[in-house]
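These numbers were taken from a predicted model, which means no experiment stands behind them.
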Amino acid sequence: MRSENIKQGIARTPHRGLLMATGVSKNNMKAPFIGIASSFSDLVPGHIGMRDLERQIEKGIHSAGGQAFIFGVPAVCDGISMGHCGMRYSLPSRDLIADCVETVAEAHQLDGLVLLSNCDKITPGMLIAALRINIPTIIVTAGPMLDGESRCEKLTMIKGSFEAVGRFRSGEIDEKRLLELEEESCPTAGSCQGMYTANTMACLAECMGMSLPYCATASAVSSKKRRIAFESGMQIVDLVKNNICPQDIIDKNTLRNAIICDLAMGGSTNSFLHILALASAGGIDVTLKDFEELSHKIHQVVKLDPAAVPTMSDFHKAGGVPALLKTLIDANVGIKDKLTTSGLNISQIANEAYVDTNLIHPYNEPFTTKPGLGILYGNLAPDGCVTKISGIDESCYEFEGIARCFDSEEDAMKALEDDKIKAGDIVIIRYEGPKGGPGMREMLAPTSLLVGKGLGTSCALITDGRFSGGTRGVCIGHVCPEAANGGTIALIKDGDKIKIDINTRRINLLVSDEELELRRKELKPFELKCKSGYLAKYAKNVQDASHGAIVE
């Protein structure tokens, strides 16, 4: 065991003395040392219930003969950090979390890890660390919150708050109703109810076999989640004994399985960044080309909020991730059989799954033959950009409009709030990429305001920033190269025509090459917005979105 480096031999007497100071008994000094990396926080709704799950994991570890140690890692709530300077820290926190987990696990020579996560950047950050360290690891995602309800109206965080603001500003609802929706939209602990980034990444962690079956969809406040936490604690000891490590589970086939599942369930566009970052951490040959290839093949068989009414609670009742895997395996679309942390292969888990075909459609009867996500190319995004096809009305698959340019999210929001954006406009929000932001902020506030104001099918939004998994409408993000690197998005002027074609996956600025070259010569060099602190270091070292916004 790795932990023998800190507890075996005469020379390690001081180390054992310090370990005994933490409460480790002489008998348990011989046990596998298992770290529980907990992202518990009173600040994050998805994480406030983790103290109970920590206990369940700890019980499982000790029941199986291990010695548990809980340590903390940061957690950022994207919803609370949204729409202001705090969102600049969200994506960078992914790499900070990975560094924290790696540091503690290596410094204390832990034999295994249980990663207790839930929200948007925490899950991928922990998975990046798992691939770097490559010691036996299992992830427990804390689960989604229950659906909200008010006046018999089913609510989610997006529809009950962000989009409700737009409805209020357009006069559809009054302030009393807005406050009712605000109070009832998030009724329990847990990640937000739809197929947003947190739940997308939880589902993909389960698809990859890094968490136990049904972990992604079991409610945060359910006894099933407590049992999964306990069983994960038991299972990690077995993984340590058999030396089954993340790189035994996650390889190119695993990541391609995750991409297939992502496309089939219409997940968050942020998953592109995170899967590419996982590939980098594990030295795995998966690139944007894999997404592009598969996005032309995979049908969407699951449609959840924000693209539809059903939520994660409904998905769980319909069979969850095992049911999705069963549907895709039966359709022979390229899911490869792999070992999982449960000790079972993917095929074994899928074979036992119940499938409600009303929510998880048979592959030959999909919601649409279009995938949930897509990659677009063209002179506006030579290195690619992404969109959530599942959130776009089919009447908007071919969209041509007039550019309205803004160099920050705040400027765009002011124009939207002042009713300066009209039907036919394409809102351009630039200098919000990984380097330009810095931190590649999510644009949920402006996209939700567009929908709430009734402009969801008559306007589009293009950015080198990101979108929340809760975004819907004609929204194009991750434009590469970003404006800060001199990308075409920096050259757009008010009044320029832009054509978006979802069917052919093209996005073009309808301006001649000669004119663009003249504009490029006039473009001033970009100066970093942050001169000191974590974001300054991040901006200097972060790669573009087409490479997962990884830090090198």
Side-chain angles (χ1 to χ4, degrees), residues 197 263 266-273 288 291-292 295 306-307 370-407 409 412 416 421 424-434 436-437 440-451 455-485 487-492 496-511 544-546 549:
T197 305
L263 296 169
S268 166
T269 51
N270 285 311
S271 60
F272 286 53
L273 291 173
L288 209 55
F291 287 90
E292 183 184 10
S295 73
K370 297 288 191 297
L373 303 168
I375 300 171
L376 283 64
Y377 290 93
N379 72 342
L380 203 157
D383 295 338
C385 56
V386 304
T387 187
K388 188 166 184 172
I389 297 175
S390 63
I392 301 176
D393 190 283
E394 290 193 21
S395 66
C396 302
Y397 279 6
E398 292 185 16
F399 193 98
E400 187 171 320
I402 303 299
R404 294 290 310 280
C405 299
F406 304 94
D407 289 347
E409 179 188 3
L416 279 163
I421 303 301
D425 287 345
I426 296 182
V427 178
I428 308 295
I429 306 180
R430 59 195 175 192
Y431 295 101
E432 290 286 6
M440 203 178 183
R441 289 193 287 180
E442 287 186 350
M443 301 294 146
L444 180 58
T447 59
S448 297
L449 200 50
L450 279 172
V451 172
L455 297 171
T457 57
S458 58
C459 287
L461 191 150
I462 298 171
T463 181
D464 51 8
R466 300 181 293 123
F467 295 121
S468 161
T471 292
R472 59 190 175 114
V474 188
C475 299
I476 313 296
H478 303 202
V479 170
C480 291
E482 63 173 293
N485 288 329
T488 307
I489 191 171
L491 309 179
I492 303 172
D496 286 347
K497 289 186 177 180
I498 296 171
K499 184 173 182 179
I500 301 165
D501 193 329
I502 300 300
N503 293 311
T504 61
R505 312 290 171 81
R506 303 296 295 171
I507 181 167
N508 285 300
L509 175 62
L510 304 182
V511 173
D544 63 31
S546 63

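Proximity of K497 to I402: side-chain heavy atoms (C-beta onward) are separated by under 4.5 Å at one or more points. At a threshold of 4.5 Å between non-hydrogen side-chain atoms, the residues I462 and I507 count as touching. Using a 4.5 Å cut-off on side-chain heavy atoms (C-beta onward), L380 and I492 make contact. With a 4.5 Å cut-off on side-chain heavy atoms, D407 and R430 count as touching. The side-chain heavy atoms of P446 and L449, taken from C-beta on, include no pair separated by under 4.5 Å. When side chains are defined from C-beta on, Y397 counts as touching I389, because their heavy atoms get closer than 4.5 Å. Inter-residue side-chain proximity for F467 and L461 is flagged as met; some heavy-atom pair is nearer than 4.5 Å. With a 4.5 Å cut-off on side-chain heavy atoms, E409 and M443 count as touching.
Within the 3.5 Å criterion, the main-chain N or O of E398 finds no donor-acceptor partner in the side chain of D501. Between the N379 side chain and the L509 main chain, a donor and an acceptor come within less than 3.5 Å of each other. In this structure, the side chain of T463 engages the main chain of I429 through a donor-acceptor pair within 3.5 Å. Checking side-chain atoms of E482 against main-chain N and O of G436 turns up a donor-acceptor pair under 3.5 Å. Checked by atom type and distance alone, the side chain of R404 never pairs as donor or acceptor with a backbone atom of D425 at under 3.5 Å. Between the side chain of D464 and the backbone N or O of V479 there is no donor-acceptor pair closer than 3.5 Å.
Scanning both residues, L450 and C459, for their nearest heavy atoms gives CD2-CB, 4.0 Å. The nearest pair of heavy atoms linking C480 to D544 is SG-CB, 4.4 Å.
The existence of a salt bridge linking K499 and E400 is excluded, since no basic side-chain nitrogen approaches an acidic carboxylate oxygen closer than 4.0 Å.
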ask   = Stepwise, does the side chain to side chain contact (heavy atoms under 4.5 Å, CB included) test hold for V474 with D393?
value = CA-CA 8 Å; V474 188; D393 190 283; over 6 Å; no

inquiry  = Using side chain to side chain contact (heavy atoms under 4.5 Å, CB included), reason through K370 and N503 one step at a time and then give a plain yes or no.
reply    = CA-CA 9 Å; K370 297 288 191 297; N503 293 311; 3.4 Å; yes

ask   = When you look at Y377 and L288, which way does the side chain to side chain contact (heavy atoms under 4.5 Å, CB included) test go after all the steps?
value = CA-CA 12 Å; Y377 290 93; L288 209 55; 3.8 Å; yes

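Remark: the R466 side chain and the T197 side chain contain no N/O donor-acceptor pair separated by less than 3.5 Å.
Here F272 contributes atom CZ and C385 contributes atom SG; the two are 10.5 Å apart, rounded to the nearest 0.5 Å. Atoms CG and SG, from D496 and C405 in turn, are 6.5 Å apart once rounded to the nearest 0.5 Å. Residue T269 holds its OG1 atom at 11.0 Å from CZ of F291, rounded to the nearest 0.5 Å.
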